[in-house]
Amino acid sequence: MSRVVVCGSLNMDVVVQSARLPERGETIVGAEVSFLPGGKGLNQAIASARLGVPTAMVGTVGNDAFANSLRGFLADNDVDSTGVIEVDGPATGVALIQVADGDNSITVASGANMHFDASMLNHEPQRDEVWVAQFETPVAATREILARARKAGARTVLNLAPFVEHPADLLQSVDVAVLNEIELSQATGTRLDASSSPESVAAACGVLRDRGARAVIATLGERGAVVVTATGFDTIPAFPTKVTDTTGAGDCFVGALASQLAAGRTPTEAARFASAAASCSVERLGAAPAMPTDQEVAARLAKA
């Protein structure tokens with residue numbers, strides 16, 4: 001089994017749970033607060049590591065208490081954090097997450113994450129690795145790192161989330177692109193919603209394949225996922241679950257997907273496993289702390 005290397009964001013998630021989300025200008029009392037490790041990069045690294053795959057994290061944090069907590073959490077989950085660099089000045093990233101009735105809204109203060117640069121890498125990509133990136137760190141760094149990984153023969157995964165404008169040639173360095181239907185609409189200019197057919201979603205994914213991505217996976221929440229490759233498209237059903245908190249479900253999918261690509265699975269095989277993993281993660285509060293183990297995912301798959 002090869003190693004997964006995740007380049008991306010590290011945040012402290014401040015999670016506020018309430019009976020409902022406040023209206024504009026309204027104050028709600030009686031909520032509960034938790035401080036939980038997060039950030040799309042960290043979440044994806046934890047998801048991969050908990051599934052038994054050797055995993056490394058690359059990114060930036062500030063010189064503060066949150067940084068120490070995040071490093072400790074990575075170590076506790078057997079993630080190699082020697083690539084997490086401390087920068088002076090900006091604070092460690094923070095995400096304010098409001099959770100109500102199983103749904104969430106998120107505001108991110110990126111802080112040190114936006115000071116990440118490809119020159120900070122302490123390890124060059126290797127042929128037998130899977131490199132993962134997202135859009136919560138500078139796009140220029142993501143573009144350079146994926147290009148270097150692709151040139152080295154590593155497999156590359158790009159989560160186009162949150163969606164930002166990016167160079168036209170970025171996808172040419174991507175083996176598997178992953179995004180939800182909102183991000184897919186933004187990336188392709190295609191109008192998609194909950195009533196869109198799998199064929200419509202697949203057609204939009206095809207636009208990204210035309211731009212260079214070798215496979216494209218659209219995650220559709222309770223409707224599962226669509227996987228588009230050179231041979232056509234497959235639909236991946238969602239697994240039944242009892243939702244507590246959807247925060248980090250997409251990150252769980254990406255990390256689990258990467259873990260299975262590292263094990264030699266095809267994008268479609270990996271996506272089915274990732275769908276099962278994501279269904280486990282939403283049953284617990286938080287993002288990184290909710291990532292499942294390989295035993296939990298195996299049990300979910302066995303019930304399907």
Side-chain angles (χ1 to χ4, degrees), residues 2-11 13 37-53 55-59 77 79 95 106 113 129-137 142 145-146 149 154-164 170-171 173-184 187 205 208 213-221 224-228 236 238-239 246-263 265-282 286-288 290-292 294 297:
S2 61
R3 185 169 80 150
V4 172
V5 182
V6 181
C7 304
S9 57
L10 304 95
N11 293 333
D13 290 350
K40 298 190 75 63
L42 182 144
N43 294 342
Q44 293 167 7
I46 296 297
S48 172
R50 285 196 178 169
L51 294 169
V53 176
T55 305
M57 178 79 219
V58 176
N77 284 273
V79 176
I106 305 174
N113 291 310
E129 294 174 331
V130 177
W131 282 63
V132 182
Q134 332 77 33
F135 281 155
E136 284 191 334
T137 50
T142 296
I145 288 170
L146 291 181
R155 299 189 76 178
T156 56
V157 178
L158 175 63
N159 181 204
L160 285 76
F163 181 77
V164 297
L170 176 57
L171 290 178
S173 298
V174 175
D175 285 307
V176 184
V178 184
L179 64 178
N180 64 28
E181 60 188 342
I182 294 175
E183 294 148 0
L184 182 58
C205 291
L208 300 185
R214 291 151 188 82
V216 180
I217 301 175
T219 56
L220 307 175
V226 170
V227 182
V228 180
I236 307 295
F239 288 76
T246 60
T247 307
D251 297 333
C252 181
F253 186 99
V254 173
L257 179 89
S259 78
Q260 297 307 291
L261 294 175
R265 306 288 189 269
T266 67
T268 300
E269 292 169 339
R272 184 171 185 272
F273 183 95
S275 181
S279 75
C280 295
S281 74
V282 301
M291 300 303 171
D294 52 350
V297 180

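Expressed to the nearest 0.5 Å, how far SG of C252 lies from CE of M291 amounts to 5.0 Å. For the atom pair CG (N159) and CG (D251), the distance works out to 6.5 Å, reported to the nearest 0.5 Å. Atom OG of S259 and atom CD of Q44 lie 12.0 Å apart (nearest 0.5 Å). Atom CZ of F253 is separated from atom OG of S281 by 11.5 Å, given to the nearest 0.5 angstrom. Here the CG-CG distance, from L171 to L160, works out to 6.0 Å after rounding to the nearest 0.5 Å. Atoms CG and CZ, on L261 and R155 in that order, are 4.5 Å from each other to the nearest 0.5 Å.
In this structure the side chain of D294 never reaches within 4.5 angstrom of the side chain of R50, judged on heavy atoms. In this structure, V53 and R3 have side chains that are not in contact, with every pair of non-hydrogen atoms separated by 4.5 Å or more. For the pair L146 and T142, the minimum side-chain heavy-atom distance is below 4.5 Å. With a 4.5 Å cut-off on side-chain heavy atoms, I217 and L257 count as touching. Looking at heavy atoms from C-beta onward, P162 lies in side-chain contact with K40 at the 4.5 angstrom threshold. Counting heavy atoms from C-beta outward, F135 and L158 have side chains that approach closer than 4.5 Å. Residues T219 and V178 have side chains in contact (heavy-atom distance under 4.5 Å, counting atoms from C-beta outward). At a threshold of 4.5 Å between non-hydrogen side-chain atoms, the residues L179 and L208 count as touching.
For S48 (side chain) and A45 (main-chain N/O), no donor-acceptor pair under 3.5 Å exists by modelled atom type. With hydrogens and angles ignored, the 3.5 Å screen pairs no side-chain donor or acceptor of R214 with any backbone N or O of V176. Side-chain N or O atoms of N180 include one that pairs as donor or acceptor with a backbone N or O of I182 at under 3.5 Å.
Residues L51 and P292 share a closest heavy-atom pair of CD2-O, 3.9 Å. Among all heavy-atom pairs drawn from I145 and C7, the shortest one is CG2-SG, 3.9 Å. Of all heavy-atom pairs spanning G255 and A47, the tightest one is CA-CB, 4.0 Å. Heavy atoms only, all atoms of each residue included: G39 and D13 are closest at N-OD1, 4.0 Å. The shortest heavy-atom contact between A270 and Q260 is CB-CB, 3.6 Å. The two atoms that bring A256 and A277 nearest to each other are CB-CB, 3.7 Å, heavy atoms only.
Applying the side chain to side chain contact (heavy atoms under 4.5 Å, CB included) test to E269 and every residue at least two apart in sequence or in another chain returns R265, T266.
No side-chain N or O of N113 forms a donor-acceptor pair with one of E136 less than 3.5 Å apart.
Remark: of the listed residues V157, V6, V5, T156, V157 is the sole one forming a side-chain contact (heavy atoms from CB on, under 4.5 Å) with V130.
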